[in-house]
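Beneath this line is the structure, given in structure tokens, with notes to follow.
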Amino acid sequence: MGSEQTQGPVWAREVAKRRPKLTREAIVASAIAIADAEGIDAVSIRRVAAELGARAMSLYTHIERKEDLFDLMADEVNAEILVEGELPGDWREAISAIVRRTREVLRRHPWLVDLVSRRPQVGPNGLRHGEQSLAALSRLRIEPEWKWRIIAAVDDYALGFVIREGMRQEGSRGYAWTQAERDALMRPYLREFIDSGEFPNLAPLLADGAPDVEGGDRADDDFERGLRWMLDGIARDLAL
């Protein structure tokens, strides 16, 4: 007699679940999913193995160490930064498209900010990003070094803006405060400093409560304005 699992027509039997084939691509994809949900510190060989239904030791046939996994994760996400299709002919429009894409990807994978600060490795997709950024500036008649400085400046701008956005989100997580509630909480604290006369430049700004300078609804406008200010300054400084 067969077991209960093998009784009845073959079409009515539950198909045994098979473990998906273990590949480097599957390992990296799982690690990215964990980091997106819980942050980079949640990623470990053991955790990824558990998510894939595999033994931790089996992952080491594809990934030698956790640091290598981090490098592969970063480079995989760098592929998302690449702008598809042909870049605009105008250098400002072209570099702006890349910077917007960079912000979009960093917001989708905030752990990348932390990871890059720990392990500044450059993989194939990182090199492709650099190549595309230089292509955006290829029509400028300036030395390659200055093109690289422009790229560094706009990358730093995007990175800094995303860090500020992330700090705001972390600070408000778990607190469903409205702007009015936030002002009511902060106003007595700020009034004490304003009345001291020690902060004459801050006083006009803080008179009505803490300003919402990183407001969510204005974040996109603020990002575009700051980018425009930066590119205006670059163009003026280099006579572009």
Side-chain angles (χ1 to χ4, degrees), residues 16-84 95 97-136 148-149 151-175 214 219 223:
K17 294 182 179 179
R18 294 183 178 180
R19 182 188 304 167
K21 185 178 180 181
L22 196 61
T23 64
R24 174 178 283 187
E25 290 75 17
I27 295 169
V28 173
S30 179
I32 289 174
I34 294 170
D36 287 346
E38 303 177 36
I40 193 64
D41 289 334
V43 177
S44 68
I45 296 294
R46 185 179 298 275
R47 174 65 187 282
V48 174
E51 292 293 326
L52 293 173
R55 293 181 298 108
M57 290 304 298
S58 63
L59 266 66
Y60 286 106
T61 61
H62 302 276
I63 308 288
E64 292 186 5
R65 53 182 184 166
K66 184 171 70 172
E67 289 74 15
D68 292 340
L69 177 58
F70 287 164
D71 290 345
L72 291 167
M73 291 168 61
D75 199 57
E76 183 68 21
V77 170
N78 275 330
E80 300 178 27
I81 297 177
L82 298 174
V83 176
E84 299 178 1
I95 204 68
I98 294 173
V99 176
R100 293 185 191 110
R101 185 80 171 185
T102 300
R103 178 194 175 210
E104 175 187 331
V105 172
L106 290 176
R107 292 177 73 186
R108 188 159 59 241
H109 306 289
W111 52 268
L112 184 61
V113 174
D114 188 28
L115 186 56
V116 169
S117 68
R118 300 184 194 179
R119 294 184 59 77
Q121 301 290 332
V122 180
N125 288 319
L127 291 174
R128 292 184 182 101
H129 168 58
E131 175 66 21
Q132 187 174 66
S133 298
L134 287 170
W148 196 251
R149 290 185 179 185
I151 293 169
V154 295
D155 275 352
D156 288 348
Y157 171 71
L159 182 63
F161 197 95
V162 170
I163 289 174
R164 285 173 62 91
E165 288 185 296
M167 290 171 60
R168 175 180 172 80
Q169 291 173 0
E170 286 294 328
S172 62
R173 188 166 296 171
Y175 300 95
E214 303 167 2
F223 180 81

Would you compute the distance between atom [atom1] of [X] and atom [atom2] of [Y] and round it to the nearest 0.5 angstrom?
X: L112; Y: M73; atom1: CG; atom2: CE; result: 9.0 Å
X: I34; Y: D41; atom1: CD1; atom2: CG; result: 12.5 Å
X: I151; Y: L134; atom1: CD1; atom2: CG; result: 4.0 Å
X: L69; Y: L59; atom1: CG; atom2: CG; result: 8.0 Å
X: I63; Y: I27; atom1: CD1; atom2: CD1; result: 5.0 Å
X: E104; Y: I81; atom1: CD; atom2: CD1; result: 10.0 Å

Should the heavy atoms of other residues, nucleotides or ligands under 6.0 Å from CZ of R108 be counted, would the total exceed 12?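 For R108, atom CZ is crowded (more than 12 foreign heavy atoms under 6.0 Å).
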Applying salt bridge (Lys or Arg N to Asp or Glu O under 4.0 Å), can you list everything that pairs with E38, at least two apart in sequence or on another chain?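 Checked E38 against salt bridge (Lys or Arg N to Asp or Glu O under 4.0 Å); matches are R47.
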Excluding sequence neighbours, so at least two apart, what forms salt bridge (Lys or Arg N to Asp or Glu O under 4.0 Å) with D71?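 Salt bridge (Lys or Arg N to Asp or Glu O under 4.0 Å) check on D71 returns R119.
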Go through it in stages, so that I can follow the logic: the residues are F161 and R164, the test is side-chain contact (heavy atoms from CB on, under 4.5 Å), and I'd like the CA-CA distance, side-chain angles, deciding distance and then a yes or no. CA-CA 5 Å; F161 197 95; R164 285 173 62 91; 5.7 Å; no
Shortest non-hydrogen separation from [X] to [Y] and the atoms involved:
X: Y157; Y: F223; result: OH-O, 2.7 Å
X: Q132; Y: I98; result: O-CD1, 3.7 Å
X: A31; Y: V43; result: O-CG2, 3.6 Å

[X] side chain to [Y] main-chain N or O, any donor-acceptor pair under 3.5 Å?
X: S117; Y: D114; answer: yes
X: R46; Y: A56; answer: no
X: N125; Y: D75; answer: yes
X: S133; Y: H129; answer: yes
X: E76; Y: A29; answer: no
X: R101; Y: E80; answer: yes

Tell me whether the rings of W111 and H109 are parallel (<30°), tilted (30 to 60°) or perpendicular (>60°).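 Rings of W111 and H109: perpendicular, as their planes differ by over 60°.
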